[in-house]
2 protein chains.
Amino acid sequence: MLILMRDPTLSNRRATIVTLSREAGVAPSTVSRALKGEGRISAEMRAKIGRLAKELGYTPHASARTMSSGRSGLIGIVGGPADNPFYTELLHETVRQVVDRGMRMLMIHAGTGPIESRTADALLQYQVDGCLFSSVELPSKIASVCAANGVPVVMVNRVARLHSSAVTCDNAIGSAQIAELLVRGGHRQIALVRTSSSSSTGIERDAGFTRYLEQAGLRPMLRLDGHSTYEGGFAAGQHIAALPAGKRPDAVYAISDIMAFGVLDAFRLAGLQVHADMAVAGFDGVPQSGRPIHDLTTVEQPLPAMVGRALDLLQARMLDKTLTDETVSLRGRLIIRGSTRPVPDYMSEV
Amino acid sequence: MLILMRDPTLSNRRATIVTLSREAGVAPSTVSRALKGEGRISAEMRAKIGRLAKELGYTPHASARTMSSGRSGLIGIVGGPADNPFYTELLHETVRQVVDRGMRMLMIHAGTGPIESRTADALLQYQVDGCLFSSVELPSKIASVCAANGVPVVMVNRVARLHSSAVTCDNAIGSAQIAELLVRGGHRQIALVRTSSSSSTGIERDAGFTRYLEQAGLRPMLRLDGHSTYEGGFAAGQHIAALPAGKRPDAVYAISDIMAFGVLDAFRLAGLQVHADMAVAGFDGVPQSGRPIHDLTTVEQPLPAMVGRALDLLQARMLDKTLTDETVSLRGRLIIRGSTRPVPDYMSEV
DNA sequence: ATGCGTTGCGCAAATGTTTGCCCATTCGGC
DNA sequence: GCCGAATGGGCAAACATTTGCGCAACGCAT
């Protein structure tokens with residue numbers, strides 16, 4: 001009777017380090033060290049093992065690595081609301097850079113709404129090496145879980161009080177630049193569309209803008225809450241447009257582009273000419289701000305640099321858990337477009 | 001000399017199944033079976049172990065589970081371009097539902113651009129249980145990797161030729177509904193803003209629309225390529241607006257909302273009144289289409305249901321690898337708004 | 001020839017969970 | 001009082017990798 005047996009060397013199971021070690025005639029530990037380029041391995045052996053790995057289509061097994069090393073190569077990320085293009089851009093930039101650095105993203109949560117505890121558990125279950133938060137307030141549950149397990153946390157576009165580093169745009173300076181632009185453009189009746197949420201970003205932009213105005217002997221004639229949404233900005237715009245011409249501002253600063261879009265659209269529907277009757281400025285510099293229909297003056301956040309620095313902070317803290325929290329703020333770039341009146345000569349030279 | 005020793009029962013290391021087993025006086029295997037609710041375990045023991053797990057803050061170790069069971073609880077996802085809100089909505093809905101089902105998302109790639117092989121490796125390295133693709137053409141590298149390793153693949157909003165199931169909206173019917181609406185609205189000079197990419201979605205919408213027109217004895221007077229982007233739609237809109245009034249269409253169907261927005265904005269900048277001079281319709285039903293500034297007639301894709309069915313297909317194939325590929329198409333919902341002329345009475349009754 | 005440092009590699013433990021198989025006890029039916 | 005089945009749980013292997021330690025061999029200087 002003929003018994004069919006599989007040649008174990010031709011097994012269709014995926015190649016492991018043990019497979020390679022047998023094939024190369026060395027110990028598994030040698031293969032491990034050879035593949036990761038460290039340890040004292042002769043050049044020939046290293047080359048031989050590398051060749052073998054390619055031939056046999058070896059792929060490291062992330063879970064096994066996680067088990068024995070304690071590092072998963074995973075970073076957890078929590079993204080912002082779907083309707084704000086800034087967070088979409090941020091997410092995409094993050095995907096790119098995380099992958100470029102040889103890590104992977106475990107998507108924990110996205111959008112508004114509370115992060116449930118079962119979602120937070122993912123951080124522990126998958127041994128996430130680090131965590132990137134944008135937008136949401138850092139929930140205390142997550143913060144304590146991360147702190148208790150030595151998982152470094154970096155926030156992007158917001159600073160938190162506890163257990164986390166942060167990378168932001170320099171919101172105060174950016175907002176002051178907008179204020180300067182408006183004031184030098186001759187505007188005196190200025191409305192501010194802000195947000196009442198307690199986010200550091202909103203507060204800084206509000207304060208930076210208001211402070212510049214005060215130093216110029218001015219103050220916002222109107223402060224509206226746009227709730228950080230398009231709809232909020234739209235409502236604010238409707239409110240402003242409905243004011244009698246004498247009491248109407250001649251410039252509006254919305255502290256985020258998404259609200260500025262709402263303001264612009266409300267003005268347009270109300271028949272207000274943005275170029276002529278009214279200046280509008282935003283903050284974030286999302287790609288949509290450059291569309292001809294908006295042509296919005298704004299401060300562009302340096303997204304690639306911000307994500308890069310955030311990952312730098314994260315990786316440094318993965319290697320050295322004792323590093324203290326650090327906050328980095330990067331200067332944004334003022335982009336002057338048609339939504340603010342033509343720039344006086346003395347400013348375009350700067 | 002006093003030697004400080006840690007009480008091993010008070011160890012600050014995280015609780016494992018072994019910790020629990022010692023505490024409960026049973027074998028680790030019993031704990032494992034008790035916690036997952038299967039196996040023959042007495043009710044008291046199950047309760048006791050459950051209580052203990054809560055007390056000690058036990059969290060399962062995903063990597064260990066992956067190692068021994070071969071299942072990771074991870075699904076890989078590849079998202080679409082950042083500038084199209086449809087894909088952002090899709091991503092967010094997917095995050096919600098995946099988490100609700102007790103799984104996690106490994107973000108493989110997002111946006112346009114090719115998926116490099118090192119990115120595809122994540123599928124193997126992390127033992128992804130299944131894969132969800134949207135937008136991108138399924139790269140053959142990924143397809144073969146998934147096929148070779150028995151990783152089921154489901155595409156959303158696109159069907160692929162090989163190795164994958166799919167969930168889509170019924171693009172042909174939806175487009176025919178748009179066509180019907182336009183024709184019944186009295187439009188005869190109709191332009192189609194389509195996309196020349198070979199995506200099944202684009203082809204179906206194009207074909208469904210054109211076929212209906214043909215059956216009505218009509219044909220699109222103009223076919224433009226909008227490249228599935230806002231900018232492409234905008235350019236198409238400019239082109240149309242620039243036509244002499246006699247040769248200009250009186251209705252435009254853009255096969256995705258993002259292009260329709262471009263068309264609308266181009267018209268607006270050109271001074272064309274959408275209500276009066278021109279009807280415009282889109283497809284996708286992204287939230288932005290309901291904004292007053294656009295007020296766009298469109299076909300809403302049933303996103304929650306689509307994601308739900310996609311995950312159903314995926315999970316079924318995780319359990320039974322022999323299931324054959326399956327394509328599900330769900331009916332969209334026609335949303336009639338102001339961008340098309342007021343509906344005749346006989347249609348509003350339907 | 002001795003001592004010492006370095007190079008190159010092997011040994012084996014450890015990581016936490018799952019799962020097939022086995023064993024003891026109990027129970028019900030006859 | 002016996003048999004078969006059901007119940008409750010234990011044993012141990014297996015999963016793939018990392019890493020501290022050990023050890024032999026070799027080179028080089030004394």
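Bear in mind the structure is a predicted one, so any value in this text is a computation, not a measurement. Just so we're on the same page: letters track the sequence lines, and every chain starts at 1.
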- Query: What is the distance from CD of B:Gln125 to C1' of D:dC15, rounded to the nearest Å?
  - Reply: 17 Å
- Note on the structure: The answer to which of A:Val18 and A:Arg33 contacts DNA chain D further toward the 5' end, by nearest nucleotide, is A:Val18
- Item | Contact under 4.0 Å: B:Thr30 side-chain N or O vs D:dG10 OP1/OP2 | yes
- Could you tell me whether the side chain of B:Ser200 and the main chain of B:Val159 form a donor-acceptor pair under 3.5 Å? yes
- Query: Is there a side-chain polar atom (N or O) of B:Lys36 under 4.0 Å from OP1 or OP2 of C:dT19?
  - Reply: yes
- Any idea which heavy atoms bring B:Arg14 and A:Gln127 closest together, and the distance? NH1-OE1, 2.6 Å
- Roughly how many Å is it from CE in A:Met67 to P in D:dA16, rounded to a whole number? 13 Å
- Query: Is A:Thr59 touching bases, backbone alone, or none of the nucleic acid, heavy atoms closer than 4.0 Å?
  - Reply: sugar-phosphate
- Query: Under 4.0 Å between a side-chain N/O of B:Ser42 and OP1 or OP2 of D:dG8, yes or no?
  - Reply: no
- Query: If you look at every strand shown and take non-hydrogen atoms under 4.0 Å, does A:Ser69 touch a base, only sugar-phosphate, or nothing?
  - Reply: sugar-phosphate
- Query: Does B:His92 use its side chain to pair, donor to acceptor, with the backbone of B:Tyr87 at less than 3.5 Å?
  - Reply: no
- Item | Residue pair B:Leu330 / B:Pro302: nearest heavy atoms and the distance that separates them | CB-CG, 3.9 Å
- Task: Step by step, work out the salt bridge (Lys or Arg N to Asp or Glu O under 4.0 Å) result for A:Arg317 and A:Asp312.
- Result: CA-CA 9 Å; A:Arg317 277 153 189 77; A:Asp312 289 346; over 6 Å; no
- Query: So what does B:Arg40 touch, heavy atoms closer than 4.0 Å: a base, only the sugar-phosphate, or nothing?
  - Reply: base
- Step by step, work out the side chain to side chain contact (heavy atoms under 4.5 Å, CB included) result for A:Phe133 and A:Val156. CA-CA 6 Å; A:Phe133 282 79; A:Val156 181; over 6 Å; no
- Among C:dT17, D:dT18, C:dG10, the nucleotide that comes nearest once only the side chain of A:Ser68 is considered: D:dT18
- Over how many whole Å does the gap from B:Leu35 atom CG to C:dT19 atom P extend? 13 Å
- Pair B:Arg158-B:Thr168, side-chain donor/acceptor within less than 3.5 Å: no
- Query: Is the shortest side-chain N/O distance from B:Tyr126 to OP1 or OP2 of D:dA16 below 4.0 Å?
  - Reply: no
- Message: In this structure, how many angstroms lie between the C1' atom of D:dT17 and the CZ atom of A:Arg14, rounded?
- Response: 12 Å
- Message: Between P on C:dT6 and CD1 on A:Ile41, what's the gap in Å once rounded to a whole number?
- Response: 18 Å
- Message: Testing the 3.5 Å rule here: is there a donor-acceptor pair between the side chains of B:Thr16 and B:Thr19?
- Response: yes
- If you look at every strand shown and take non-hydrogen atoms under 4.0 Å, does A:Thr16 touch a base, only sugar-phosphate, or nothing? sugar-phosphate
- Note on the structure: From CD1 of B:Ile17 across to P of D:dG10 the rounded distance in Å is 13 Å
- Task: Send over the distance from A:His61 NE2 to D:dT17 C1', rounded to a whole Å.
- Result: 10 Å
- Task: Remember a base hit wins even if backbone is also touched, and classify B:Arg71 as base, sugar-phosphate or nothing at under 4.0 Å, heavy atoms.
- Result: sugar-phosphate
- Item | Watson-Crick or G-U pairs under 3.5 Å in DNA chain C, rendered as dot-bracket with [ ] for crossing pairs and | for another strand | ||||||||||||||||||||||||||||||
- Task: Tell me whether the OP1 or OP2 atom of D:dG10 has a side-chain N or O from B:Ser29 closer than 4.0 Å.
- Result: no
- Message: Distance check needed: C:dG16 C1' versus B:Leu20 CG, whole Å only.
- Response: 12 Å
